[in-house]
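Working notes, beginning with the structure itself.
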2 protein chains.
Amino acid sequence: MARDASKPVLTPKMIMDVARDLFVKNGYQQVSMRQIAKELGCSHGALYYHFQSKAELFFALVKEYFVLLEQELNNVLEKDIENLEKLEQCMLGYIKFGLNHQSHYEIMFMLKDDEVRNFINEQPMKVYEKFANALYTLSNKKLQLKDIWSIFISLHGFVSHYLSHVVSYEDIENAAIHHVKFLLKGVC
Amino acid sequence: MARDASKPVLTPKMIMDVARDLFVKNGYQQVSMRQIAKELGCSHGALYYHFQSKAELFFALVKEYFVLLEQELNNVLEKDIENLEKLEQCMLGYIKFGLNHQSHYEIMFMLKDDEVRNFINEQPMKVYEKFANALYTLSNKKLQLKDIWSIFISLHGFVSHYLSHVVSYEDIENAAIHHVKFLLKGVC
DNA sequence: TATTTATTTAACCAGCGGTCAATAAAATGT
DNA sequence: ACATTTTATTGACCGCTGGTTAAATAAATA
């Protein structure tokens, strides 16, 4: 036997959609190519036609997410509102991204696996730098770099706590707003 | 062949001591029963005489760690220092615990896995309540509950960010101290 | 000496990442 | 319409790791 015409043709996108879910639910090491294949209803060999290795498949996913987050940050920065509000919205936007793309967020910032880290590399830091830059400018340089780092980590804490405990950003919007205001209380 | 009288008898404690080290260094998934046995100089089969499974051995350790965290909090609370400093040390102590017992922290507060969660139960919330209570009292009731929650989440953010990026608490002590001071800036 | 306790050894089994020849379906050429 | 080529897919296989178990056996105990 070989191809079965009753099933849709396997595409990289289909594989990535399934892999994304599994990696997020179980982590990189705990997901096997065989599991992914099973979920897709195809053989694991087929995956190797579309991706050279498990690592390559994983990396393809991670790249997507970083682009998406950068876009969302840009959206806020281009808005025509006051700086202080923009600042708040940057922070809220980070939480919103995290909780509305939970699967993405976990892979980008929370998976600890060594092999995975080598792939992801300096990308989280690039996000941070963009974020830090925005905050620094928007605060009229009143925010110190150290404080920005504390803010970033604290936003990460919020997201990572509510991950999987909550369906979407809207569920905890009030808590998020309070958290952001709390973080800005002493500094602006 | 069977027992070798020149070696000390294997005890649960000996196993746990070695397992603890390995789990801390490499994480749950990355440690095998065979590794633990090798380190102990015994056969891997012997471990199953003392523990039913790898999971049981691990959970025995995790339980210890909830006790340990509570003890460390108590240690701070019993110190003879000013309330504000005590407050800071509670927060610092939390970070310290997290980074000096990284793989356990992950299990205690970060793993979403259902099987694990059932074992761990409501213990993280108990920790939080104790923590919240301490902060509330130490601040002379100036800290609001919502703010305490933001602080807790922000400390968690710090720990979870540096997890596996760092060998021990000492590596980032300065950043930790700054973070704590930052969080208290607006409220005390 | 007989029994209980602790330990070793070897095997079992399931799963992994990855490879590859075989093959069926689809696309293409004629 | 048919033949050929290309593309996509399968499933068997390799070497390996690792949790778990059962039989054998040594040491301690009574």
Side-chain angles (χ1 to χ4, degrees), chain A residues 1-23 25-62 107 111 113-119, chain B residues 1-62 103 107 111 113-116 119:
Chain A
M1 263 185 297
R3 227 161 61 205
D4 178 351
S6 73
K7 281 179 278 181
V9 188
L10 198 57
T11 62
K13 184 182 180 315
M14 286 167 61
I15 297 173
M16 287 168 76
D17 286 343
V18 166
R20 188 160 31 231
D21 277 359
L22 286 175
F23 280 134
K25 242 179 264 165
N26 308 339
Y28 180 75
Q29 298 279 7
Q30 285 64 47
V31 173
S32 67
M33 293 299 258
R34 281 167 170 82
Q35 269 178 61
I36 296 170
K38 196 174 179 185
E39 195 78 12
L40 279 161
C42 72
S43 71
H44 67 277
L47 302 180
Y48 287 89
Y49 184 81
H50 300 278
F51 294 92
Q52 221 188 320
S53 67
K54 179 181 168 184
E56 193 197 270
L57 165 55
F58 186 83
F59 190 44
L61 291 173
V62 169
I107 290 174
L111 286 193
D113 189 274
D114 277 345
E115 200 183 336
V116 170
R117 277 265 187 53
N118 289 339
F119 267 111
Chain B
M1 264 185 298
R3 220 154 74 202
D4 176 353
S6 73
K7 280 179 281 180
V9 188
L10 198 58
T11 63
K13 184 181 182 315
M14 287 166 61
I15 298 173
M16 286 168 76
D17 286 344
V18 166
R20 190 165 25 235
D21 274 3
L22 287 174
F23 282 135
V24 161
K25 242 180 264 165
N26 308 67
Y28 180 74
Q29 300 279 2
Q30 283 63 48
V31 173
S32 67
M33 293 299 257
R34 281 169 169 83
Q35 266 177 66
I36 296 171
K38 197 172 178 184
E39 195 78 16
L40 279 161
C42 71
S43 73
H44 59 276
L47 304 180
Y48 287 89
Y49 184 79
H50 300 277
F51 293 93
Q52 221 186 320
S53 67
K54 179 182 171 185
E56 193 197 88
L57 166 56
F58 188 77
F59 285 130
L61 294 172
V62 169
S103 73
I107 301 298
L111 234 64
D113 187 277
D114 281 343
E115 194 191 339
V116 173
F119 237 105

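Protein chains get the first letters and strands the later ones, always in sequence-line order, with residue 1 at the start of each.
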Atom-to-atom span, [atom1] of [X] to [atom2] of [N] - whole angstrom:
X: B:Gln29; N: C:dG15; atom1: CD; atom2: C1'; result: 13 Å
X: A:Leu40; N: D:dT9; atom1: CG; atom2: P; result: 10 Å
X: A:Ile15; N: D:dA8; atom1: CD1; atom2: P; result: 11 Å
X: A:Met33; N: D:dT9; atom1: CE; atom2: C1'; result: 14 Å
X: B:Leu57; N: D:dG18; atom1: CG; atom2: C1'; result: 15 Å
X: B:Phe23; N: D:dG18; atom1: CZ; atom2: C1'; result: 13 Å
X: B:Glu56; N: D:dG19; atom1: CD; atom2: C1'; result: 14 Å
X: A:Asn26; N: C:dC16; atom1: CG; atom2: P; result: 11 Å

Using a 3.5 Å cut-off and no angle test, enumerate the donor-acceptor pairs between side-chain atoms of residues 8-30 of chain B and protein atoms at least two apart in sequence or in another chain.
from	atom 1	to	atom 2	distance (Å)
B:Thr11	OG1	B:Met14	N	3.0
B:Lys13	NZ	B:Asp17	OD2	2.8
B:Asp17	OD1	B:Arg20	NH2	2.2
B:Arg20	NH1	B:Glu64	OE1	2.4
B:Arg20	NH1	B:Glu64	OE2	3.1

Sequence neighbours excluded, which residues qualify as ring-ring contact (aromatic ring centres under 6.0 Å, His included) partners of A:Tyr49?
->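 A:Tyr49 satisfies ring-ring contact (aromatic ring centres under 6.0 Å, His included) with no residue once adjacent residues are dropped.
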Nearest-0.5 Å distance that lies between atom [atom1] in [X] and atom [atom2] in [Y]:
X: B:Leu61; Y: B:Glu56; atom1: CG; atom2: CD; value: 11.0 Å
X: B:Ser53; Y: B:Phe59; atom1: OG; atom2: CZ; value: 8.5 Å
X: B:Tyr48; Y: B:Leu57; atom1: OH; atom2: CG; value: 9.0 Å
X: B:Arg34; Y: B:Lys38; atom1: CZ; atom2: NZ; value: 12.0 Å

Return yes if the base of D:dG19 and the side-chain atoms of B:Arg34 contain a donor-acceptor N/O pair under 3.5 Å, otherwise no.
->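 Indeed, a donor on one side and an acceptor on the other fall under 3.5 Å apart.
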Classify the nucleic acid contact of B:Gln35 as base, sugar-phosphate or nothing, counting any heavy atom under 4.0 Å across all strands shown.
->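 Nothing, no heavy atom under 4.0 Å.
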Which part of the nucleic acid does A:Ser32 contact within heavy-atom distance under 4.0 Å: base, sugar-phosphate only, or nothing?
->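 Counting heavy atoms under 4.0 Å across all strands, the contact made by A:Ser32 is with sugar-phosphate only.
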In residues 44-54 of chain B, which ones come under 4.0 Å of DNA chain C, going by heavy atoms?
->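 By residue number: B:His44, B:Gly45, B:Ala46, B:Tyr49, B:His50.
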